[in-house]
Structures are given as structure tokens and as C-alpha cells.
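First the structure, in the form of C-alpha cells, and then the observations on it.
Remember, it's 1-based here, ligands and their atoms both numbered in the order they're listed.
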Amino acid sequence: MSSTVDVAIVGAGPYGLSVAAHLRASGTGFRQFGLPMKLWRENMPRGMFLKSQGFASNLSDPDGAFTLRAFCQASGLPYADYGLPVSLDTFVAYGQWFQRHCAPGLEETLVTSVAAKDGQFELALANGDVAQARQVVLAIGVEHFAHIPDQLSWLPESACTHSSAHTDLSVFRGQRVVVVGAGQSALESAALLHESGASVQLLTRKPTVNWNGAPLAPDRPLLQRMREPEAGLGSGWSTWFYSRKPNLFRHLPESSRIYRARTALGPAGASWLRDRVDGQVPIMTGQAIDRASAGSGEVRLGLVTGAGTHSDLAADHVIAATGYRPDVRRMAFLDEQLACQLRTVANTPAVGRGYESSVPGLYVVGPAVAPTFGPVMRFVYGADHAAGTVGRRLAGTAGRRSRMTVAAGR
Ligand SMILES: Cc1cc2nc3c(=O)[nH]c(=O)nc-3n(C[C@H](O)[C@H](O)[C@H](O)COP(=O)(O)OP(=O)(O)OC[C@H]3O[C@@H](n4cnc5c(N)ncnc54)[C@H](O)[C@@H]3O)c2cc1C
């Protein structure tokens, strides 16, 4: 039985580690649970590169000292703010380095339940312990929310998997693999599969595959920079707004926030990936999957175009690189009563300007709050806003809340 701590952080990806760095710097008492950089270590393919630029791939600490640039300098690795893709290996090592320096007390275990009890929170841990906290920050990322389209979701794992199931795509050497999707994950998986000797077919519902342009030169003339400003998520005024103004995004009408959170900045491939896909991997565009069946070691997909033309496609395996859909109903570790009290927007927790949900003391950061703070929450770049805001908020309220809780409990 442990004593109550001011804050419990659930999660140890870019957002959870950044929140820890801010709380540690302010001297706020906290415990943190999660597996460091798990999504990046266990749910992404070896050989992958980040789509975000170097300067937009920093975790956040209050002094801005533990940047990707600082890590690369300390480790003798190449680094550039723009134009030099960051490898997955480098980013994982950076996250682990950041954790050692800024979140050394991380407890590497999962939280199996979060419930409200006696005016505070009780967290059950996978290692059998129980922790109490006055406030909880959920920084659980996307791993609970992998999305496979209905037509494929019932297929056995031997026939169809989500892209997050793979770290080593070379296991498909010599096999026919259909990759479904048109985003960076689909395009890069297709390239890696092709390069490891699989026979790949990329299948997308969209009529075309979109590619991002090369990053704009930061020192271009002022007029050009004013016409098309460059920010963390890319270039252009709307992208600048999403990158820099999550607090203003929050005031857009709800329907607009939901739509933009889902559709802005995607799906598209990074410019440096284009040569590895175009002319290398066959792409069928404008194709919806109508039906799917598996048997005799083969998957068969029935396809239909917008014009109503039907065709069939056979493969040894289908990889659904179809993204993630955050949804409170899939946060199985949340106690039912607590989950029922959560006000939601598009099935994600609605949070206020300090990232606090409708359950007092329960905070949510990262992709799960994109419909509130915007598309920046889907990217590492948003960790600075989230961790800075939550860090300031909790540094200011932890003691007060503990006094209130104690007073209420008298
Ligand atoms: C293939 C792919 C490529 C991407 N490339 C980029 C990119 O180039 N640039 C970019 O900015 N973004 C990229 N993203 C988006 C990326 O997912 C987010 O930017 C980032 O990971 C969000 O950080 P996070 O901390 O919220 O979540 P995550 O990185 O998903 O971390 C979640 C953490 O929560 C923990 N956790 C979950 N459940 C529990 C539990 N019950 N108990 C305890 N701990 C728990 C996990 O162990 C993990 O530590 C990519 C995503 C994918 C899938």
C-alpha cells in the first residue's frame, strides 16, 4: 500500500515523458507508469523514418535543453532542423535518453484500471501494486485505437493485420502482400516490403496518392515566408494555425474541430519517400473493398470503383495501414463509472483549456484530444503545448487540490 501522490502520469511516449519533465522541474510530486517509447519500439517497422522534420520532433522540457539536436550532438549522430529524415532508431534512442534524464522515476508497468475512490484516484498496476493519486494525466497515445475497416476486421490474423502489428516486414519476403491505405504508414510499409523482396500491391480508396513537397528553405525571402509560413506540421497558413495556436483552435465550432482534427494534414507521403514508391510499387487507386474472404492460405478481396466496376484481388496477406481512431469506449482500463462521467466530443474526452476533462483532476493529452486542441495533438510537436500547459496547471493546483480533498474528507 503506497501513500497518495499528487499526480499519476499514465504513459511514457513523447507526451507522457514531456509531462514528466515539466512536473519534475516544478517540483510537483508524481509517479509515472508505462513502457518507454513503446509504440515506436514495438509497433513501427524497422527501417522507417519519421515524417516530421528534426526541429518538429522534440520532446518537451521547460528549458528546451533535451532536444533531438542536443541528443544527436551528444551521440555523434547527424542532425538537421530541415531536410534530413530522422530514423526510427535515432528517435527511439532519443526518447530513451530523454527518459533517463527527465523522467528517471518511470515505473515500467501498465495501468490496468483507473477508478475514482474517496475523492482521489486509485490505479491498479499490472505488477500487482495499487497507486493512489489526487490527479491523473492520461498520455496513452494511440495503441488502444488501431483501426481496421469493417470489411477486413473479421479476417483471421494469419490473413490480415493492422500495420502496428509489424516491426519486421522482411518476414513477408517472397509473399504477395496487399497494403491498404494512402498515408505515410501505408506508403512507407509498401516501400519497405518491396525492398525486402515481397510482391506488394498498394490499394487506396482515394483517387490519387498525395505527396508532400520538400520542406521550404527557412531563409527564403520575407514575402515568400509571409505568403506560405513554415511551422511544426508543415507549410501554409492553416498548418501554421494548427501548429501554433491550439488554444484558438479550441474555440472553433465543434463540428469544424472534429472535421479538421480528422482530415487536416493527411493522408500524404513525405517527399523523400516518393522515389521509393512511384514506379516501384503497383498502386490501385479509387478502389473500395466490398468484401473479403480467407481460405486455403489465401485472402481474396472484392473491389469496387466509384463507377461501379467490380474486380477481385488475391494475396497471401493484407496489411491495413488504416490508422487509429481514438475512442473512450476502447480505453478498457477506465473504470466504467469514471468513463460514464466523461463528457466526449466525437467519442474522445472533451477537455478544457488546461487539458482537464469533465472529471475534475483527470487530464488527457495527445492524439485522444485532437478534436479539442486540433491536429497538432496527433504529432510529437504538440507535446510542448500539452506538457507546458498541464505542467503549469498541475504545479499550481496539486497542493491546493490536496488541501481541498483533505478538507472534504474531514
Ligand atoms: C507509423 C507511425 C509513424 C508516425 N510518425 C510520426 C512522425 O514522424 N512525427 C510525429 O510527430 N508523429 C508521428 N506519429 C504519430 C505519433 O503516434 C504521435 O506523434 C506520438 O507517438 C504521440 O505520443 P504519445 O505519447 O501521445 O503516444 P505514444 O507514443 O503512443 O505513447 C503512449 C504511451 O502510453 C503507454 N500506455 C498506453 N496504455 C497504457 C496503460 N494502460 N498503462 C500505462 N501506460 C500505457 C504506452 O506504454 C506508451 O508509453 C506516427 C505514428 C505512427 C503510428
Next item on the list: Report yes if the distance between the aromatic ring centroids of F30 and H22 is under 6.0 Å, otherwise no.
Entry: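 No, too far apart.
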Check each atom of ligand 1 against the heavy atoms of [X] and keep those under 4.0 Å away; list them by number with element.
| X | answer |
| --- | --- |
| G34 | 43 (C), 44 (N) |
| A139 | 32 (C), 33 (C), 34 (O) |
| E143 | 37 (C), 46 (C), 47 (O) |
| P367 | 26 (O) |
| K38 | 47 (O) |
| F33 | 43 (C), 44 (N) |
| L35 | 47 (O), 48 (C), 49 (O) |
| V142 | 30 (O) |

Counting non-hydrogen protein atoms only, what is the nearest one to [atom]? Give residue, atom name and distance.
| atom | result |
| --- | --- |
| atom 21 (O) of ligand 1 | W40 NE1, 3.2 Å |
| atom 35 (C) of ligand 1 | G11 CA, 3.6 Å |
| atom 7 (C) of ligand 1 | S52 OG, 3.5 Å |
| atom 51 (C) of ligand 1 | M44 CE, 3.8 Å |
| atom 28 (P) of ligand 1 | G141 CA, 3.9 Å |
| atom 31 (O) of ligand 1 | G13 CA, 3.4 Å |
| atom 24 (P) of ligand 1 | Y15 CD1, 3.6 Å |
| atom 17 (O) of ligand 1 | L39 CD2, 3.4 Å |

Notebook entry, point to check: Does the pair T90 and Y79 meet the rule for a side chain to side chain contact (heavy atoms under 4.5 Å, CB included), with working shown?
Noted result: CA-CA 10 Å; T90 297; Y79 171 86; over 6 Å; no
Which class fits the ring pair [X] and [Y]: parallel under 30°, tilted 30 to 60°, perpendicular over 60°?
| X | Y | value |
| --- | --- | --- |
| F249 | F241 | tilted |
| W272 | F49 | perpendicular |
| H166 | H317 | perpendicular |

For [Y], is there any backbone N or O sitting under 3.5 Å from a side-chain donor or acceptor partner on [X]?
| X | Y | value |
| --- | --- | --- |
| R176 | Q201 | no |
| S60 | S18 | no |
| R31 | Q132 | no |
| R257 | P371 | yes |

Does an N or O from [X], backbone or side chain, lie closer than 3.5 Å to an N or O of ligand 1?
| X | value |
| --- | --- |
| A12 | yes |
| L110 | no |
| P14 | yes |
| R378 | yes |
| G366 | no |
| H144 | yes |

Check: Do the side-chain N and O atoms of R260 and S256 include a donor-acceptor pair separated by under 3.5 angstrom?
Finding: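 A donor-acceptor contact under 3.5 Å links the two side chains.
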Notebook entry, point to check: ligand 1 versus A383, non-hydrogen atoms closer than 4.0 Å: side chain, backbone, both, neither?
Noted result: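 Within the 4.0 Å criterion, A383 makes no contact with ligand 1.
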Contact with ligand 1 for [X], non-hydrogen, under 4.0 angstrom:
| X | answer |
| --- | --- |
| F49 | no |
| Q184 | no |
| S57 | no |
| M48 | yes |
| F91 | no |

Checklist line | Verdict with reasoning, V380 to W40, per side chain to side chain contact (heavy atoms under 4.5 Å, CB included) | finding: CA-CA 12 Å; V380 174; W40 301 83; 4.1 Å; yes
Item checked: The one among N43, N58, V380 that brings a heavy atom closest to atom 12 (N) of ligand 1 ->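 Going through N43, N58, V380 one by one, V380 has the nearest heavy atom to atom 12 (N) of ligand 1.
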Can you give each donor-acceptor pair under 3.5 Å made by side-chain atoms of residues 95-106, sequence neighbours left out, with the distance rounded to 0.1 Å?
residue: Q99; atom: NE2; partner: A103; partner atom: O; Å: 3.1
residue: H101; atom: ND1; partner: W97; partner atom: O; Å: 2.9

Next item on the list: Report the residue from V130, T112, V111, D129 that forms a side-chain contact (heavy atoms from CB on, under 4.5 Å) with L123.
Entry: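 The single option meeting the side-chain contact (heavy atoms from CB on, under 4.5 Å) with L123 is V111.
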Item checked: Atom pair CE (M284) and CG (L301), whose distance is rounded to the nearest 0.5 Å ->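 Nearest 0.5 Å value for the CE-CG distance: 9.5 Å.
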Notebook entry, point to check: Looking at T167 and N43, what are the two nearest heavy atoms and their distance?
Noted result: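 Nearest heavy atoms, T167 then N43: CG2-N, 4.2 Å.
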Check: Looking at K51 and E188, does any basic side-chain N land under 4.0 Å from a carboxylate oxygen?
Finding: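 No salt bridge links K51 with E188.
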Notebook entry, point to check: Charged N to carboxylate O below 4.0 Å: is that the case for R325 and D327?
Noted result: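 Looking at R325 and D327, the cut-off is not met.
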